[in-house]
Amino acid sequence: MKKEDLTRLYDSGILSDLDMHFASFIGRLAGTRVPELLLAAAIVSSYTRQGHICLDLSRLEGKQLLEGEDGQEPVVCPKLGAWLKKLRKSPVVGKPGEYKPLILDDRSRLYLHRYWDYQQELANLIRRRVSDGDESIDETLLKEGLERLFGTGKTEDLDWQKVAAFTSVVKKFCVISGGPGTGKTTTVAKILILIIEQASPVRDLPDNNRSGILRSKVSNGASPRKLRIALAAPTGKAAARLQEAIKCAKGEVNCSQSIKEAIPEEASTIHRLLGSIPESPYFRHNAQNRLPVDVVVVDEASMVDLALMSKLIQALPPQARMILLGDKDQLASVEAGAVLGDICDTGNVHSFSRRFCESVKKVTGYEIRTQLNGEAELGIQGCIVQLQKSFRFGSDSGIGAVSRAVNAGDDDLAVTLLREGKYGDIKWRDLPQSTGLPLAMKDMVVREFADYLQAGDVWEVFQLFDRFRILCALRKGPYGVINLNALVEQILTEEGLIDPGKSWYPGRPILITSNDYNLRLFNGDVGIVLPDCAANNDLRVFVPGADGTVRKFHPLRLPEHETVYAMTVHKSQGSEFDRVLLLLPDKDFPLLTRELAYTGLTRAKESVEIWGNEDVFRAAVCRRIERMSGLRDALWESEFLDACKASNESASNL
């Protein structure tokens, strides 16, 4: 390793300006320009930008980063032993727990200090909540509530929604994972009812259950109190969907009116909940100024990055419950980390403890079969419930069948299902040449977008527009979002449906890409440009709210935004459309993964078309998102030791 090798990596595009500046900064702090230190600093900066929490040096030892050219030797990473020795001698590299710019753990993982700190705080606080159950749970009341809200059912037909509800009530930390249509938000509305009932006076409980419950509530000495519940999501769009879902779900459940009124109907972004400070990475609520909450529900948790999740859990009071909803198989967050996947240990199968299964059976009547070694598993796996049944994609659904094959990494089955064409809700088409895209897409674009452009009522405009969306894997290139939006505008212009003589024209759909808390516009909000009859038909951007109202803004007031006939699969998370065109690029890229394909497919409620190259699609299905992290190990590998130290009460507090 030579000093000039870093410059060669920069010139080749492997390292960015930021990576080089950070390496230089670390060199100045260390008072020396040891090549091995500078290389490690530059690469850990690069990896963090790519979504990794840390740099696993053992994966890079001896790896060729750049081929030799013009008589120069290739750039190769040092051998692990020598590399670690150089780093540990540096004054800027510390052990876990030390306050140094770089942290090197005993598994050869190198962190920026702040990411090591985020990871450590998150792991410690999750494990603390896992071991602290709620000892004040009224078992009689819980059993009655579960039967009232979920039904008795047959014990052989295990209702995982009911198990998730049980777990959320008896645990201070719970993850409810499930694909689209498995009823996560419906379940959480019922969970909130059960939790509120546990803290409610007897007069607020259903009339036919007061007598037996009264004896139970009096005997356990619990003092009823008003619970403070917060509903949150990572984006404004996801928060609006959660708000709408909770509002609809609570209108259909069986409980007293006073209990229903105690369920909040307003959801916010996590940033808004924590209290953003302009031009600052910090929040008003933190470990020193906790949130005034008893329960926090976070929807679309797969989109939450390490830093934000760590800051959120640090701001929670120790006694507060935390319930995460999400699909562990979806795309990870755009920023660093794959937090939900790490928490759920995606890709591995775990059993519940035998003691936990006994508690579930006692209250719900369901018998969960566990592995023989389940008795030793007393930790986080008892807080994670995977919803199994999809109410949207049944046995006759091609979207369901193909998405399951994609999720399993079975490219042969996925391609076979697509090529057979026996399902009416999913269709494969070989990708047209880029020059042939305008002709290939013309009929679909006109068919799918004409209705909303010709509608008169504002709400009808949004309803029709949300029926269809083009989803792309990339932003740039002939099959990327930027080109596709321009192409759609070209087609609609030729058909006389829009007149984009200026950047703002009637019918232009807008995606907000940054938060503006003053305007209450958030990343993910969608608006449409329409004439405003109250302003002499001047153009305004109309944005629907979750409360059933539509707000309007002058175009020049908007925060960062872009046209959104087409959007990336990443941006589509938290959204659903009746129909989807999933457009894959003509060649393979590292970001094409099974998580991206699965997420794109499952945004469709009714039908989806995939246009792609078979080899590219197969490569995507066979590739998982791999983000280097120590969070999974911190939560899972020490479970047995922690369980031995804790009492068996940590598995169940009933």
Side-chain angles (χ1 to χ4, degrees), residues 178-186 231-248 267-270 298-304 325-327 329-334 340 390 392-393 399 403 425 448-449 452 459 461-475 481 484-485 488 508-515 521-528 541-546 550 560-583 595-610:
T182 52
K184 296 185 290 294
T185 49
T186 301
L231 306 176
T235 67
K237 179 74 171 179
R241 287 181 52 80
L242 173 62
Q243 184 171 304
E244 182 181 359
I246 292 290
K247 186 175 182 179
C248 292
S268 72
T269 63
I270 299 174
V298 179
D299 197 15
E300 298 293 348
S302 64
M303 299 169 64
V304 184
L325 309 177
D327 188 344
D329 299 313
Q330 274 192 191
L331 281 166
S333 58
V334 176
L340 188 65
S390 175
R392 180 183 304 167
F393 305 132
I399 298 175
S403 63
D425 62 342
E448 296 291 359
F449 289 125
Y452 101 84
W459 280 108
V461 169
F462 281 100
Q463 184 181 22
L464 293 173
F465 178 69
D466 279 340
R467 294 188 312 184
F468 173 74
R469 197 73 85 248
I470 301 169
L471 301 183
C472 305
L474 308 175
R475 284 192 57 79
V481 164
L484 263 294
N485 277 315
V488 171
R508 182 187 174 192
I510 297 296
L511 176 70
I512 303 298
T513 57
S514 66
N515 297 329
L521 289 174
F522 303 103
N523 183 13
D525 287 347
V526 172
I528 296 179
V541 180
F542 288 74
V543 180
V550 176
E560 294 180 23
H561 57 273
E562 59 189 30
T563 305
V564 70
Y565 297 107
M567 64 196 308
T568 62
V569 176
H570 275 90
K571 288 288 187 181
S572 75
Q573 288 190 93
S575 300
E576 295 174 347
F577 312 101
D578 292 346
R579 297 176 295 279
V580 162
L581 169 60
L582 178 59
L583 197 65
E595 290 87 355
L596 183 139
Y598 170 82
T599 302
L601 286 170
T602 55
R603 296 311 90 201
K605 294 187 288 185
E606 296 178 4
S607 65
V608 59
E609 282 193 33
I610 306 173

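Along the sequence shown, residues carry numbers from 1.
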> When rounded to the nearest 0.5 angstrom, what distance separates CZ in Arg392 from OG1 in Thr602?
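One gets 8.5 Å once the value is rounded to the nearest 0.5 Å.
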> Assess whether side-chain contact (heavy atoms from CB on, under 4.5 Å) is satisfied between Thr513 and Glu562, documenting all intermediate values.
CA-CA 7 Å; Thr513 57; Glu562 59 189 30; 3.9 Å; yes
> Taking the side chain as every heavy atom from C-beta outward, state whether Ile610 and Leu601 have any pair of such atoms under 4.5 Å apart.
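Yes - at least one pair of side-chain heavy atoms lies under 4.5 Å apart.
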> Who pairs with Asn485 by side chain to side chain donor-acceptor pair (under 3.5 Å), at least two apart in sequence or on another chain?
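Testing Asn485 for side chain to side chain donor-acceptor pair (under 3.5 Å), a comparison that skips the adjacent residues, returns none.
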> Decide yes or no for Glu300 and Leu242: does some side-chain heavy atom of the first lie under 4.5 Å from some side-chain heavy atom of the second?
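No, too far: nothing below the 4.5 Å cut-off.
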> Quick check: closest heavy atoms across Phe449 and Ile470, and the distance to 0.1 Å?
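In terms of heavy atoms, the two residues are closest at CE1-CD1, 4.5 Å.
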> Closest heavy-atom contact between Phe577 and Ser575?
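That would be CZ-CB, 3.7 Å.
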> Which heavy atom of Tyr598 sits nearest to which heavy atom of Asp327, and what is that distance?
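Smallest interatomic distance, heavy atoms only, reads OH-OD2, 2.6 Å.
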> Could you pull out all residues at least two apart from Asp578 that satisfy side chain to side chain donor-acceptor pair (under 3.5 Å)?
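Residues passing side chain to side chain donor-acceptor pair (under 3.5 Å) with Asp578: none at all.
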> Could you report the tightest heavy-atom contact between Pro180 and Ser390, atom names first, then the distance?
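So the minimum-distance heavy-atom pair works out to O-OG, 3.4 Å.
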> Decide yes or no for His561 and Leu511: does some side-chain heavy atom of the first lie under 4.5 Å from some side-chain heavy atom of the second?
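With C-beta onward as the side chain, the pair stays apart.
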> If you compare all heavy atoms of Ala233 against all heavy atoms of Ala239, which two are closest, and at what distance to 0.1 Å?
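For Ala233 and Ala239, the tightest heavy-atom pair comes out as CB-N, 3.5 Å.
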> Taking the inter-plane angle between the rings of Tyr452 and Tyr565 on a 0 to 90° scale, is it parallel (under 30°), tilted (30 to 60°) or perpendicular (over 60°)?
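Ring orientation of Tyr452 relative to Tyr565: tilted.
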> Among Leu471, Thr568, Val569, find the one that has a side-chain contact (heavy atoms from CB on, under 4.5 Å) with Val481.
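The option that passes is Thr568.
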> Please report the interatomic distance CG(Leu484) to CZ(Arg475), rounded to the nearest 0.5 Å.
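If we round to the nearest 0.5 Å, Leu484:CG and Arg475:CZ are 12.0 Å apart.
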> So, do Val526 and Phe465 sit near enough that their side-chain heavy atoms are less than 4.5 Å apart?
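They are in contact (side-chain heavy atoms under 4.5 Å apart), so the answer is yes.
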> I need the minimum non-hydrogen distance between Ala245 and Thr185, along with the two atoms involved.
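In terms of heavy atoms, the two residues are closest at CB-OG1, 3.6 Å.
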> Is there a side-chain contact between Arg603 and Met567 (heavy atoms, below 4.5 Å)?
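No, side chains not in contact.
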> Not counting sequence neighbours, which residues clear side chain to side chain donor-acceptor pair (under 3.5 Å) with Gln573? List them please.
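Side chain to side chain donor-acceptor pair (under 3.5 Å) list for Gln573, sorted by chain: Gln330.
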> Inspect the contact between Arg241 and Glu576 and indicate whether a charged nitrogen and a carboxylate oxygen are less than 4.0 angstrom apart.
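Counted as a salt bridge, because a side-chain N and a carboxylate O are separated by less than 4.0 Å.
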